[in-house]
Amino acid sequence: MATGSNSLIWFRKGLRVHDNPALEHASKASSGSMYPVFVIDPRYMEPDPSAFSPGSSRAGVNRIRFLLESLKDLDSGLKKLGSRLLVLRGEPGEVLVRCLQEWKVKRLCFEYDTDPYYQALDFKVKEYASSVGVEVFSPVSHTLFNPTDIIQKNGGKAPLSYQSFLKIAGEPSCAESELLMSYSSLPPIGDVGSIGVSEVPTLEELGYREDEQDEWTPFRGGESEALKRLNNSISDKAWVANFEKPKGDPSAFLKPATTVLSPYLKFGCLSSRYFYQCLQRVYKDVKKHTSPPVSLLGQLLWREFFYTTAFGTRNFDKMKGNPICKQIPWKEDHDMLAAWRDGKTGYPWIDAIMVQLLKWGWMHHLARHSVACFLTRGDLFIHWEQGRDVFERLLIDSDWAINNGNWMWLSCSSFFYQYNRIYSPVSFGKKYDPDGKYIRHFLPVLKDMPKQYIYEPWTAPLSVQTKAKCIVGKDYPKPMVMHDAASKECKRKMGEAYALNKKMNGNIGDDDLKDLRRKLETDEESNIRNQRPKLNQVLKYLMRF
DNA sequence: AAACCGTTGACGGA
DNA sequence: TCCGTCAACGGTTT
């Protein structure tokens, strides 16, 4: 049995003081000390020079910086209350065990986490804690609902459509409850003994260089920044009341069309429950307002939907062995993947979005749709898992459940199945931004391209390209595929893959997929051959002039 | 078996 | 800006 009445609050997500039940519980260590801990996990934070962009193998340097800023802000929030953040390094499970022993912790508090990584880690930590008689308090406070409750209410299975989710979910319990937003003080830190603790490190101290990235994300991490952003957004009541997600402009970058609260929700710098209550207050004050799925509240509930579905589905982050995922013979093509990832597809709309991702770690939701559709079912027919990996690493708001769910959505692997609806890499962006301001900003090489060619620079006469100082094929790549032909091929492949999934009733093995892949590729070749007569007809037609 | 629905497609026309 | 058409999916409801 551990002695004393010390408590330890282990921060992972939930990097905030406001509405933090784990912190609240830990702070009730009446006569003892409270140790606020964050563990820097090398698996997540160690620089990886071989990665395709600055950062670690799992996180781009923008997200690492956002996290450090969030920790710094949490630390100063705790310091105002007479406490501070203790930063440790190492494998979190091992580090935790050492802390529990050395500090004679009686009560261990941390926010419940549904991500598989934490499910496994937390299981081990809880097992150890109970073996030595440490009380564990692990509340659900990252989401409005407890995914376990929703799944149970739905008969043991996660709801697979947003509407059925809404029906089952109903009102969250936080709708009525009062949230603890601040403290007058927190218990003091105890003696840290032989455990090496530090202040929040800088990027340099972690082994990154400030000059690694030529443009950084404009979004600053931290609870203070989150609350400022939230207040900014909700102070415009008319804007909140009329918010309709699909009508937002994905090309707006100086002033994004959305709240950009996602990174703060991801790290828990902002409590989703506080956000919920703020929205409800605005809705009560206005006569008329939009509703889910398109409203701001609807956005918050999408997050709940994906958290629930992800938690209730085996192998949610894979195609194979995932019971809700269509089995599709996606292509393996490293060069094509790299061209997409590095913003070198030759489609300025697509490339500008990918550059915004590299530089900012954030893009508008519809911009994400454009590039995800292009990579998978729209043009390149590359596996959604590979696009998912790129987003997961680079987005400052990347969230395991939401990212995987949306990649399945966009690739028509689950949730959404109308694979004939394909975003055009040319016209989709053009309808929001006909002048191409967004492209000119993120792809300066095209800044002098006349607007009538900016979405399809390969169609510009050479004299125009010369004048714009941008020769296609030299200064900017030629399009890697022709969208009309590529999307047609993709539709055909999706049709065949869907037919096989239907025929096999979802039980598709590796061999079935391999056979289909071979068949699709053979058909593709013969389709190209059959296009030759058509080409001749076009030539004949042109000869008449 | 048929009707209906689904956060956000492209295109052309009014 | 809003509408119908295009071609047409799976899942749910009737």
Side-chain angles (χ1 to χ4, degrees), chain A residues 154-155 157-169 242-252 256-259 262 279 289-306 308-309 313 322-328 347 349-350 353 363-379 402 405-434 455-456 482-506 508:
Chain A
N154 194 44
K157 285 184 110 178
L160 290 178
S161 81
Y162 186 73
Q163 295 305 330
S164 64
F165 169 83
L166 290 186
K167 243 194 265 169
I168 292 149
N242 296 320
F243 185 91
E244 277 184 75
K245 188 64 169 283
K247 292 194 175 158
D249 176 357
S251 71
T258 53
T259 60
S262 55
L279 286 177
H289 61 83
T290 53
S291 295
V294 297
S295 66
L296 267 185
L297 172 62
Q299 306 316 298
L300 201 45
L301 294 170
W302 277 106
R303 179 172 178 269
E304 301 291 319
F305 169 69
F306 283 122
T308 308
T309 312
T313 306
N322 179 342
I324 67 167
C325 187
K326 289 246 181 289
Q327 303 298 304
I328 294 167
Y347 285 94
W349 171 247
I350 299 298
I353 295 168
M363 337 71 111
H364 187 276
H365 192 63
L366 289 177
R368 301 181 193 199
H369 278 212
S370 281
V371 296
C373 181
F374 186 87
L375 180 74
T376 58
R377 67 183 170 84
D379 290 85
I402 300 170
N406 275 309
W407 273 97
M408 277 192 272
W409 187 298
L410 261 298
S411 64
C412 283
S413 296
S414 196
F415 308 112
F416 176 79
Y417 306 97
Q418 286 169 270
Y419 57 77
N420 51 319
R421 292 192 185 171
I422 292 174
Y423 290 86
S424 161
V426 172
S427 42
F428 186 72
K430 205 186 267 181
K431 75 181 173 211
Y432 298 98
D433 181 17
Y455 283 86
E456 297 166 282
M482 290 322 281
H483 174 67
D484 284 352
S487 60
K488 220 170 143 187
E489 265 305 295
C490 281
K491 276 188 252 187
R492 187 182 65 78
K493 288 177 180 171
M494 289 299 285
E496 298 229 22
Y498 267 43
L500 183 68
N501 275 265
K502 204 175 199 170
K503 189 177 137 204
M504 308 294 283
N505 204 12
I508 295 180

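Note: hydrogens, waters and symmetry copies are ignored here, and every other heavy atom, side chains too, is used. Since the model is a prediction, treat every value here as computed from it, not as a measurement.
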(message) Does anything in residues 422-432 of chain A come within less than 4.0 Å of DNA chain C? Heavy atoms only, and list the residues if so.
(response) none

(request) Output the residues of residues 409-419 of chain A in contact with DNA chain B, where contact means a heavy atom of the residue under 4.0 Å from an atom of the strand; sort by number or write none. (result) A/W409, A/Q418

(request) Output yes when a side-chain donor or acceptor of A/Q418 lies under 3.5 Å from a complementary backbone atom of A/F416, and no otherwise. (result) no

(request) Mark yes or no for whether A/E496, through its side chain, and A/R492, through its backbone, hold a donor-acceptor pair below 3.5 Å. (result) no

(message) What I'd like to find out is whether the side chain of A/H365 reaches to under 4.5 Å of the side chain of A/T258, using heavy atoms alone.
(response) no

(message) Taking C/dG10 as the reference, what is the distance to B/dA10 when you measure between their C1' atoms (whole Å, please)?
(response) 22 Å

(message) With rounding to the nearest 0.5 angstrom, report the NZ to OG distance, A/K431 to A/S251.
(response) 11.5 Å

(request) Only counting residues at least two apart or in another chain, list the ones meeting ring pair (Phe, Tyr, Trp, His ring centres under 6.0 Å) with A/Y347. (result) A/F374, A/W458

(message) Can you list everything that forms a side chain to side chain donor-acceptor pair (under 3.5 Å) with A/Y423? Sequence neighbours excluded, please.
(response) A/H369

(message) So, using side-chain contact (heavy atoms from CB on, under 4.5 Å) as the criterion, who are the partners of A/A169 when residues are at least two apart?
(response) A/F145, A/I150, A/F165

(request) Report yes if some heavy atom in the side chain of A/Y162 is under 4.5 Å from a heavy atom in the side chain of A/F306; otherwise report no. (result) no

(message) I'd like the C1' distance from C/dA8 over to C/dG4, given in whole Å.
(response) 16 Å

(message) With a strict under 4.0 Å distance from non-hydrogen atoms of chain A, what nucleotide opens and what nucleotide closes the contacted stretch of DNA chain C, reading 5' to 3'?
(response) C/dA7 to C/dG11

(message) Considering every strand and a 4.0 Å limit on heavy-atom distances, what is the contact class for A/E244: base, sugar-phosphate, or nothing?
(response) nothing

(message) Are A/L166 and A/F305 packed together at the side-chain level, in the sense that at least one heavy-atom pair is separated by less than 4.5 angstrom?
(response) no

(message) Would you compute the distance between atom CD1 of A/I168 and atom CG of A/N154 and round it to the nearest 0.5 angstrom?
(response) 3.5 Å

(request) Give the first and the last nucleotide of DNA chain B, reading 5' to 3', that has any atom under 4.0 Å from a heavy atom of chain A. (result) B/dG6 to B/dC11

(message) With salt bridge (charged side-chain N to carboxylate O under 4.0 Å, His left out) as the rule and sequence neighbours excluded, what pairs involving residues 365-374 of chain A come up?
(response) A/R368-A/D397

(message) Can you list everything that forms a side-chain contact (heavy atoms from CB on, under 4.5 Å) with A/Y417? Sequence neighbours excluded, please.
(response) A/K326, A/S414, A/Y498

(message) Rounding to an integer number of angstrom, what distance separates B/dC5 and C/dC3 when you compare their P atoms?
(response) 16 Å

(request) Would you mind telling me which residue lines up with the more 5' stretch of DNA chain C, A/R421 or A/K247, judged by nearest nucleotide? (result) A/K247

(request) Starting from Watson-Crick (N1-N3 plus N6-O4 or O6-N4) and G-U wobble pairs under 3.5 Å, report the runs of at least three that DNA chain C belongs to. (result) B:1-6 with C:9-14, B:9-14 with C:1-6

(message) Could you check whether any side-chain N or O of A/N406 sits under 3.5 Å from a backbone N or O of A/W409, counting only pairs where one atom can act as donor and the other as acceptor?
(response) no

(request) Only counting residues at least two apart or in another chain, list the ones meeting side-chain contact (heavy atoms from CB on, under 4.5 Å) with A/T313. (result) A/T309, A/F316, A/N322, A/P323, A/I324

(request) Go through the structure and list residues passing salt bridge (charged side-chain N to carboxylate O under 4.0 Å, His left out) with A/E244, not counting sequence neighbours. (result) A/K247

